[in-house]
Number of protein chains: 2
Amino acid sequence: MLKEAEKTFSDFLEKKDLKLTSQRRTILRVAFEAEGHFSAEALLSLSKKADSTISKATVYRTLALLKESQILEEQDFGDGKKVYERAQGRKHHDHLICIRCGKIIEFENEPIERLQNAEAQKHRFKIVYHSLKLFGFCNSCG
Amino acid sequence: MLKEAEKTFSDFLEKKDLKLTSQRRTILRVAFEAEGHFSAEALLSLSKKADSTISKATVYRTLALLKESQILEEQDFGDGKKVYERAQGRKHHDHLICIRCGKIIEFENEPIERLQNAEAQKHRFKIVYHSLKLFGFCNSCG
DNA sequence: CTCTCAATTGAGACTAATTCTCAACTAGAG
DNA sequence: CTCTAGTTGAGAATTAGTCTCAATTGAGAG
Ligand SMILES: [Zn+2]
Ligand SMILES: [Zn+2]
Ligand SMILES: [Zn+2]
Ligand SMILES: [Zn+2]
């Protein structure tokens with residue numbers, strides 16, 4: 001999993017004449033070890049544990065590259081900071097977000113995806129990406 | 001339309017022991033005259049034309065109240081600032097957003113709404129609100 | 001291995017949307 | 001009219017994210 005992502009990332013960087021630095025390598029690895037959805041701030045803090053000299057600017061810059069290479073995906077759950085999650089090698093999914101406890105539930109729903117495409121077609125619109133978020137109360141917070 | 005909203009707003013304020021001030025009245029009226037999706041900044045600028053003493057803080061505070069009373073709905077189309085649109089008296093809809101020209105297309109899709117509810121039920125989750133945004137290229141930007 | 005240089009980095013300044021503070025002001029009940 | 005809790009404007013504060021720039025480094029050429 002990580003190996004594949006490293007390959008994807010180095011190919012991506014090479015294609016853009018960018019360099020695979022030790023900082024970029026570290027941040028990618030740390031992002032892969034992080035579970036679920038993590039913020040830039042959390043990634044910075046975890047990355048510093050592996051290499052205390054890694055800076056905020058580099059984490060943000062690297063996140064942009066990981067997003068562009070589709071290794072990570074950016075999500076905005078509406079709490080003022082963006083979060084990221086692994087995308088490469090995973091199926092697309094959407095989210096249920098509990099507005100009381102913050103719990104995130106992921107789901108895959110092919111029929112919805114198909115209807116979204118049909119709706120876009122109706123407007124002669126080409127979807128590049130989409131975001132479906134259902135906010136409310138989870139089972140425990142109901 | 002505006003009359004109904006004024007009634008909703010004054011009832012809402014009364015129920016919360018808040019006052020219907022001239023600033024709040026002005027901002028509500030200006031929001032109703034504004035077409036489509038507008039930012040807090042745009043609403044401030046329009047409100048100042050009606051009453052030059054209205055401040056940024058009051059616009060933000062009033063927007064929060066209009067949102068809470070469900071007269072307006074807040075949207076985040078991902079360009080760094082939130083936008084608002086009339087909600088009272090309108091049907092729920094979701095959005096197609098062109099990532100080249102910024103055009104917003106609204107659509108209503110009952111089957112998708114039903115599938116969302118079914119998906120939530122599957123997780124014993126109570127939806128309070130949701131957001132479905134399809135980003136891509138519109139007809140003209142294709 | 002060394003040279004070279006464009007790409008990269010860390011530190012911290014900066015940006016911009018939104019929120020907060022507080023003293024002066026006012027809606028509206030009585 | 002009076003009283004007072006709620007409201008206001010001005011600008012400071014907050015904060016996620018971006019930018020600047022001098023020093024550093026990856027990696028291809030020799
Ligand atoms: Zn989806
Ligand atoms: Zn997810
Ligand atoms: Zn919807
Ligand atoms: Zn809309």
Side-chain angles (χ1 to χ4, degrees), chain A residues 6 9-31 37-69 72-84, chain B residues 6 9-31 37-69 72-84:
Chain A
E6 281 174 340
F9 198 33
S10 68
D11 288 354
F12 169 82
L13 292 173
E14 191 163 12
K15 201 169 301 172
K16 302 196 64 164
D17 279 307
L18 301 179
K19 292 170 182 172
L20 180 53
T21 64
S22 76
Q23 290 92 334
R24 285 175 180 165
R25 237 190 289 263
T26 299
I27 292 167
L28 172 58
R29 181 171 50 72
V30 170
H37 308 84
F38 54 88
S39 64
E41 188 189 23
L43 182 59
L44 170 61
S45 156
L46 290 168
S47 297
K48 271 180 184 294
K49 282 182 188 153
D51 174 353
S52 67
T53 72
I54 287 177
S55 72
K56 183 175 57 162
T58 297
V59 166
Y60 276 104
R61 289 185 286 228
T62 304
L63 275 173
L65 295 171
L66 291 170
K67 187 168 63 162
E68 193 183 345
S69 56
L72 297 184
E73 197 167 297
E74 188 179 78
Q75 306 289 349
D76 183 349
F77 293 147
D79 64 343
K81 57 181 71 174
K82 284 167 185 152
V83 295
Y84 300 83
Chain B
E6 283 174 338
F9 198 32
S10 68
D11 289 354
F12 169 82
L13 292 173
E14 191 163 12
K15 200 168 301 170
K16 303 197 64 165
D17 280 308
L18 301 178
K19 293 168 181 172
L20 180 52
T21 64
S22 74
Q23 290 91 336
R24 286 176 180 164
R25 236 190 288 263
T26 299
I27 292 166
L28 172 58
R29 181 172 50 72
V30 170
H37 307 84
F38 53 89
S39 65
E41 189 190 24
L43 183 59
L44 170 60
S45 156
L46 290 170
S47 297
K48 271 181 185 293
K49 282 182 189 156
D51 174 354
S52 66
T53 72
I54 288 178
S55 71
K56 184 176 53 166
T58 297
V59 165
Y60 275 104
R61 289 185 287 229
T62 304
L63 275 172
L65 295 171
L66 292 170
K67 185 168 65 164
E68 192 183 345
S69 57
L72 297 184
E73 197 168 297
E74 189 180 78
Q75 305 288 349
D76 183 350
F77 294 145
D79 64 343
K81 56 182 70 175
K82 284 166 186 150
V83 295
Y84 301 83

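Throughout, a chain's letter reflects where its sequence line sits, starting with A, and its residues are numbered from 1. Side chains are part of it too, since the values below use all heavy atoms of this structure and drop only hydrogens, waters and symmetry mates.
- Of the residues in residues 59-67 of chain B, those placing a heavy atom less than 4.0 Å from an atom of DNA chain D are B:Arg61, in numerical order.
- Among the nucleotides C:dA17, C:dA11, C:dA13, the one closest to the side chain of B:Lys81 is C:dA17.
- Annotation: side chain of A:Phe9 is not in contact with side chain of A:Arg25 (no heavy-atom distance under 4.5 Å).
- Taking atom CD of B:Glu74 as the reference point, atom C1' of C:dT18 lies 11 Å away to the nearest angstrom.
- Proximity of a side-chain donor or acceptor of B:Lys48 to a complementary backbone N or O of B:Ile54 within less than 3.5 Å is detected.
- The interatomic distance linking A:Lys56 (NZ) with C:dG12 (C1') rounds to 8 Å, in whole Å.
- The NZ-C1' distance, from A:Lys82 to C:dA17, rounds to 12 Å in whole Å.
- For the atom pair CG (A:Leu43) and CG (A:Leu72), the distance works out to 8.0 Å, reported to the nearest 0.5 Å.
- Side-chain atoms of B:Ser45 never come within 3.5 Å of backbone atoms of B:Glu41 as a donor-acceptor pair (strictly under, hydrogens ignored).
- Both A:Glu41 and A:Ala57 lie close to DNA chain D; mapped to their nearest nucleotides by heavy-atom distance, the more 5′-ward contact belongs to A:Glu41.
- B:Phe38 and B:Tyr84 have tilted rings, their planes meeting at an angle from 30° to 60° on a 0 to 90° scale.
- Across all strands, B:Gln23 comes closer than 4.0 Å only to sugar-phosphate atoms, never to a base (heavy-atom distances).
- In this structure the side chain of A:Arg24 never reaches within 4.5 angstrom of the side chain of A:Leu66, judged on heavy atoms.
- Listed by residue number, the members of residues 44-53 of chain B with any heavy atom below 4.0 angstrom from DNA chain C form an empty set.
- Contacts between chain B and DNA chain D, taken as any atom within less than 4.0 angstrom of a protein heavy atom, begin and end at D:dA5 to D:dA12.
- Put simply, the side chain of A:Val30 does not reach to within 4.5 Å of the side chain of A:Lys49, judged on heavy atoms.
- Of the two residues near DNA chain C, B:Glu14 and A:Leu20, the one whose nearest nucleotide lies more 5' is A:Leu20.
- The line from CZ of B:Phe12 to CG of B:Leu20 is 12.0 Å long, rounded to the nearest 0.5 Å.
- How far CG of B:Leu65 is from CD of B:Glu68: 6.5 Å, rounded to the nearest 0.5 Å.
- Contact check on B:Arg29 versus B:Glu6 returns no salt bridge, with no Lys/Arg side-chain nitrogen under 4.0 Å from an Asp/Glu carboxylate oxygen.
- Following rounding to the nearest Å, B:Arg24 (CZ) and C:dA27 (P) show an atom-to-atom distance of 11 Å.
- The backbone N or O of B:Thr58 sits less than 3.5 Å from a side-chain atom of B:Thr62, completing a donor-acceptor pair.
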